[in-house]
Every structure is written in structure tokens, then in C-alpha cells.
Asks: 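I'd like to ask you about the structure that follows.
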2 protein chains.
Amino acid sequence: MVKDTRTRMIDATATLIQARGYRGTSLSDVLAASGAPRGSLYFHFPGGKEDLVLEAVRAGVEIATEELRVALDTAEHPADGVRAFFRAAAREMVASDFRFGCPVAPVVLDEPELDTELDALCRDAFAEWAEAYRNAMRKRGVDAQRARRTARTVLAALEGALLLARSERDTAPLDEIGEEMADLVARTCADHDAATARPSDRSDGPAEA
Amino acid sequence: MVKDTRTRMIDATATLIQARGYRGTSLSDVLAASGAPRGSLYFHFPGGKEDLVLEAVRAGVEIATEELRVALDTAEHPADGVRAFFRAAAREMVASDFRFGCPVAPVVLDEPELDTELDALCRDAFAEWAEAYRNAMRKRGVDAQRARRTARTVLAALEGALLLARSERDTAPLDEIGEEMADLVARTCADHDAATARPSDRSDGPAEA
DNA sequence: GCGAATATGACGATCGGTCTACATACGAAA
DNA sequence: TTTCGTATGTAGACCGATCGTCATATTCGC
């Protein structure tokens with residue numbers, strides 16, 4: 001089954017935005033990549049570029065969210081889920097010749113108009129991803145505050161690692177920082193375990209990998 | 001003393017790139033912001049936009065590098081330096097109404113041509129910053145491999161935190177992730193101390209903040 | 001066959017980056 | 001002082017790209 005024009009346009013836009021950013025992606029590029037003629041755009045996306053980009057980012061976020069969910073749900077321990085997700089990112093990086101990246105970051109850095117739907121979508125995406133990490137740790141009983149901070153840190157580190165990996169054209173940053181974050185998550189959970197086992201005196205032990 | 005035209009153009013470009021990215025920054029914007037006339041551009045920057053951007057990024061990187069160096073050199077402990085640098089970033093974020101950011105990230109995400117001077121400059125900037133963190137830890141005797149990984153992680157987390165802070169229009173990500181990273185650096189150094197004190201049995205103790 | 005949904009690419013207003021021609025400042029030679 | 005040559009700065013014309021529009025096909029449901 002051949003994908004319809006609308007879907008092809010969204011996919012092409014999502015890919016191009018990850019590679020070149022919002023403003024770096026021209027409608028002509030999208031048209032060329034999707035093989036669609038110019039006029040079709042305004043039939044499917046009456047709002048023009050803004051409308052198209054919104055759908056594209058939405059689609060990109062959805063895919064990433066789903067992959068993250070699977071990685072975390074499949075893993076025995078949240079730390080393993082984090083490791084798996086960083087590894088998946090590294091694979092996509094190689095597969096795309098280092099053009100892969102976060103679907104949201106390029107949009108945020110290209111300063112979309114504030115208080116638009118696009119702006120809100122980006123914020124929500126970050127929040128959703130952070131929540132996924134957080135929930136994985138909360139399921140292990142880690143307290144809310146601690147889980148929230150660690151989750152945010154993992155998310156930020158991933159964003160940064162994607163940036164470094166692209167710049168260096170090497171997955172090493174993703175690999176190493178992924179390990180580092182897996183350790184952090186493991187330690188966060190382990191600290192909790194130790195704290196609940198001996199509430200007044202938490203110290204050594206299972207924090208070692 | 002009034003800054004000369006060339007310097008004003010570079011400053012304006014650096015600021016605009018941080019706010020809107022490479023492609024989002026038009027020469028007209030730069031001209032308007034710097035109050036310089038159109039034609040002057042090709043006198044000062046014969047290479048055109050590419051040339052101008054190169055200088056602007058170079059200037060931005062230099063400022064950031066210097067601030068990082070000061071933060072790390074001034075601090076008692078590398079962890080304090082990291083904390084201070086994240087805090088400084090948070091302050092600049094507020095001062096700029098959340099338009100502040102890494103001078104390099106927007107360029108990397110707008111996919112500059114590969115194998116250009118600009119591309120190399122971005123890579124070198126990341127390498128230089130990572131090295132600064134690494135050296136600070138190595139001075140405390142942390143082993144090379146460990147210091148390198150932690151340094152890269154701190155750098156990535158900062159990049160991500162800047163992104164999150166901009167998106168949320170809130171310094172909370174910078175504040176929290178800064179603390180997380182300070183902890184990580186403190187732990188990295190403490191682990192080393194413990195390991196050297198009792199080479200065969202490293203465990204509890206000063207890892208606690 | 002007929003109306004509605006979908007598809008098409010040519011068109012124009014605007015804006016982007018680049019370039020060539022012109023103006024001024026300054027110092028040396030006559 | 002005048003003349004000239006060079007370094008520096010300025011102005012606006014140019015051409016291509018970009019985005020959005022439209023009048024016209026084509027396909028589908030009935």
C-alpha cells in the first residue's frame with residue numbers, strides 16, 4: 001500500500017526538520033522529498049508551513065515517545081531501559097548518516113513564535129518524555145522529587161548527547177553518556193532501596209554497578 | 001568609546017544566532033540590529049554570511065570558554081565550578097528573556113555544510129569545553145577515562161538544560177540539572193579519593209554531599 | 001453523467017544574499 | 001595648498017529562492 005500524499009509530506013517534513021531545522025526546511029525541499037506538487041500542500045494544510053510543521057513535529061514526537069515507552073516497559077530495570085533507548089538513538093544516528101536527532105530541539109532553537117500551538121507542542125513533548133523516565137523510577141518506589149530531577153537530567157543529557165554525536169559524527173557521546181545516565185538511574189533507585197532498608201543510615205553497597 | 005562597525009555586526013550576529021539559529025538570522029536582521037548599512041558587510045566580511053557567522057560563533061565560543069574557565073578556576077572544588085557555571089547560565093537566560101543559549105548548538109542543528117571551517121569550529125568548541133571540565137577533575141587526581149566521561153556528560157547535560165529552560169521559559173531545568181551535575185562531579189572525585197585511600201575496597205563515606 | 005473531493009503547476013509579491021559603483025578619510029608628494 | 005593614491009566605508013541594484021494563491025484538471029461517489 002502506497003502512503004497517501006498527506007502522510008508522505010508529513011514524513012518528509014519531519015525528517016528534514018530533524019536534519020536542518022525549521023527555517024532550514026523549505027517547502028520546495030518538502031515537495032521534492034515527498035514527490036508532491038506544490039498546490040497539494042495548501043489543500044492538505046490550509047494553514048501553510050506552520051500547519052505542516054505542526055503535524056510533522058507531532059508525528060516525530062509520537063514516534064519517539066512510543067520508542068521510549070517500549071524501551072522502558074520492556075526493560076527489567078529503568079537503568080536498562082535508559083541504556084536501551086540511548087543505544088537505539090545511536091543506531092538511528094548511524095543509519096541516517098548522523099542527520100537523526102530530536103524532533104523538537106531544532107524547532108525550539110529556531111525560536112518559533114511564543115504562545116503558538118507549536119511552542120506548546122514542544123513543551124508538552126519534553127514534559128511527556130520526562131514523565132516517562134520519572135514513572136519508570138517511581139514504579140521502583142523512588143520518591144517523587146528525586147525521580148523528577150533524575151528524569152529531567154536524563155532527558156537533558158540525551159538532548160546534549162544527540163547534539164555532540166552529530167557534531168562529532170560519532171556515536172561515542174551517545175554510548176558513553178548513555179552508560180553514565182544508566183548508572184545515575186541505577187544509583188537513584190539503589191539509594192532509595194538502601195534508604196528504605198535502613199532509613200536513618202544510607203551508605204555503601206549496591207550502588208556499585 | 002563606540003565600538004566599530006565590524007564589532008557591532010559580529011555581536012549582533014552572535015546574539016541573533018543564539019536566539020534564532022543560523023538560517024533564522026538574516027543579514028537584514030543583523031544590519032538592523034547593528035545599525036550598519038548593507039554594503040559594509042562585504043567590506044568587513046568578504047566571504048559573505050558564512051564569513052560573518054564564523055566570526056560571530058568564534059566570538060560567542062570565546063566568551064563562553066572564558067566564563068567556564070573562570071568558573072572552574074575560581075572554585076574550590078570542580079563541583080562548585082560546575083554549579084557556578086550553570087547558575088551563570090541561568091542568570092543570562094533570565095537577563096535575555098530566555099533567548100540566551102549555546103552559541104554552537106543552533107549552528108550544529110541547522111546542518112552547516114560538512115567539512116567547512118564552521119563545522120570544525122563547532123567541534124573544537126565542544127572539545128574545548130569538555131577538556132575544561134576534564135582538566136578540573138584531573139587536577140583532583142581522577143583518572144583520565146573517568147574524567148573524560150564525566151566531563152562529556154556535564155557538557156551534554158548543560159546543552160540539554162539550556163534547551164529545556166528555553167522551552168519552559170523557566171530556569172528550573174538549569175538549576176536542578178546543575179545540582180545533579182555538581183553531585184556527579186563531586187561523586188566522581190570522591191570515588192577517586194576513596195579508591196586511592198583504600199585501593200582494594202572502595203565503598204561508603206565522603207560520597208555523601 | 002454530474003457534483004464533490006482531490007490534485008496540479010504556473011504565477012506574483014516579498015525577501016534573501018551578493019555584487020558593483022560611488023563617497024569619504026587620510027597621508028604623501030609636488 | 002593642491003593633487004593624488006590608497007584604505008575604509010556606503011548605497012542601492014540585482015537575481016534567485018521562498019511562500020502563498022489561484023484557475024484549471026482529474027478522480028471518485030452516486
Side-chain angles (χ1 to χ4, degrees), chain A residues 1-57 106-107 109-113 116-119, chain B residues 1-59 106-107 109-114 116-119 121:
Chain A
M1 165 208 162
V2 178
K3 287 181 181 175
D4 67 358
T5 304
R6 190 186 142 90
T7 307
R8 278 195 329 240
M9 287 197 282
I10 291 179
D11 290 350
T13 307
T15 304
L16 284 168
I17 286 183
Q18 284 185 24
R20 321 188 198 172
Y22 182 9
R23 315 208 198 206
T25 301
S26 81
L27 295 186
S28 303
D29 293 336
V30 173
L31 265 16
S34 63
R38 189 157 204 79
S40 302
L41 228 158
Y42 288 80
F43 172 72
H44 293 293
F45 305 94
K49 190 180 184 182
E50 200 182 328
D51 201 349
L52 169 62
V53 168
L54 189 67
E55 293 304 319
V57 173
V107 176
L109 286 190
D110 272 2
E111 195 186 49
E113 306 298 318
T116 58
E117 221 173 321
L118 185 56
D119 175 37
Chain B
M1 164 207 164
V2 178
K3 287 182 180 176
D4 67 357
T5 304
R6 188 185 145 90
T7 306
R8 278 198 327 250
M9 287 198 281
I10 291 179
D11 291 351
T13 306
T15 304
L16 285 168
I17 286 183
Q18 284 185 25
R20 320 189 198 173
Y22 182 10
R23 314 205 201 209
T25 301
S26 80
L27 295 187
S28 302
D29 294 336
V30 173
L31 265 17
S34 64
R38 193 160 198 78
S40 302
L41 232 157
Y42 285 78
F43 172 71
H44 293 294
F45 306 95
K49 190 180 184 180
E50 200 181 328
D51 202 348
L52 170 62
V53 168
L54 189 66
E55 293 303 320
V57 173
R58 213 194 294 280
V107 176
L109 286 189
D110 272 4
E111 194 186 49
E113 306 299 318
L114 261 43
T116 58
E117 220 174 320
L118 185 56
D119 175 38
L121 175 59

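By convention in this document, chain letters (A, B, ...) are assigned in the order of the sequence lines, proteins followed by strands, and residues within each chain are numbered from 1. When reading the values below, keep in mind they use all heavy atoms of this one structure, side chains included, and skip hydrogens, waters and symmetry mates. Keep in mind that what you see is a predicted model, and the values were worked out from it rather than measured.
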Asks: Looking only at atom types and distance, does a side-chain atom of B/Arg23 sit under 3.5 Å from a main-chain N or O of A/Arg23, one as donor and one as acceptor?
Replies: no
Asks: Expressed in angstrom and rounded to an integer, what is the separation of B/Met9 atom CE from D/dT8 atom P?
Replies: 14 Å
Asks: Between atom OH in A/Tyr42 and atom C1' in D/dA23, what is the gap in whole Å?
Replies: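 Distance check: A/Tyr42 OH to D/dA23 C1' gives 17 Å.
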Asks: With heavy atoms of chain A within less than 4.0 Å as the criterion, where does contact along DNA chain C begin and end?
Replies: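 Nucleotide range with atoms under 4.0 Å of chain A: C/dT6 to C/dA10.
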Asks: Atom CG of A/Leu16 to atom P of D/dT18: distance rounded to whole Å?
Replies: 12 Å
Asks: May I ask you to decide if B/Tyr22's main-chain N or O and B/Asp110's side chain share a donor-acceptor pair within less than 3.5 Å?
Replies: yes
Asks: Which residues within residues 25-41 of chain B lie with some heavy atom under 4.0 Å of an atom in DNA chain D?
Replies: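 Per residue number, the list reads B/Pro37, B/Arg38, B/Gly39, B/Ser40.
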Asks: If every non-hydrogen atom of A/Phe45 is compared with every non-hydrogen atom of A/Arg6, which pair is closest and at what distance?
Replies: CE2-NH1, 3.7 Å
Asks: Closest approach of B/Asp29 and B/Arg20, non-hydrogen atoms and distance?
Replies: OD2-NH1, 2.9 Å
Asks: Look only at the side chain of A/Arg8 and the backbone of A/Ala36, and say whether a donor-acceptor pair between them is shorter than 3.5 Å.
Replies: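 Checking the backbone N and O of A/Ala36 against the side chain of A/Arg8, no donor-acceptor pair under 3.5 Å is found.
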Asks: I need the minimum non-hydrogen distance between A/Val53 and A/Ile17, along with the two atoms involved.
Replies: CG1-CD1, 3.7 Å
Asks: Starting at CD of B/Glu55, measure out to CZ of B/Arg58 and round the result to the nearest 0.5 Å.
Replies: 5.0 Å
Asks: Are B/Pro46 and B/Asp51 close enough that some pair of their side-chain heavy atoms sits under 4.5 Å apart?
Replies: yes
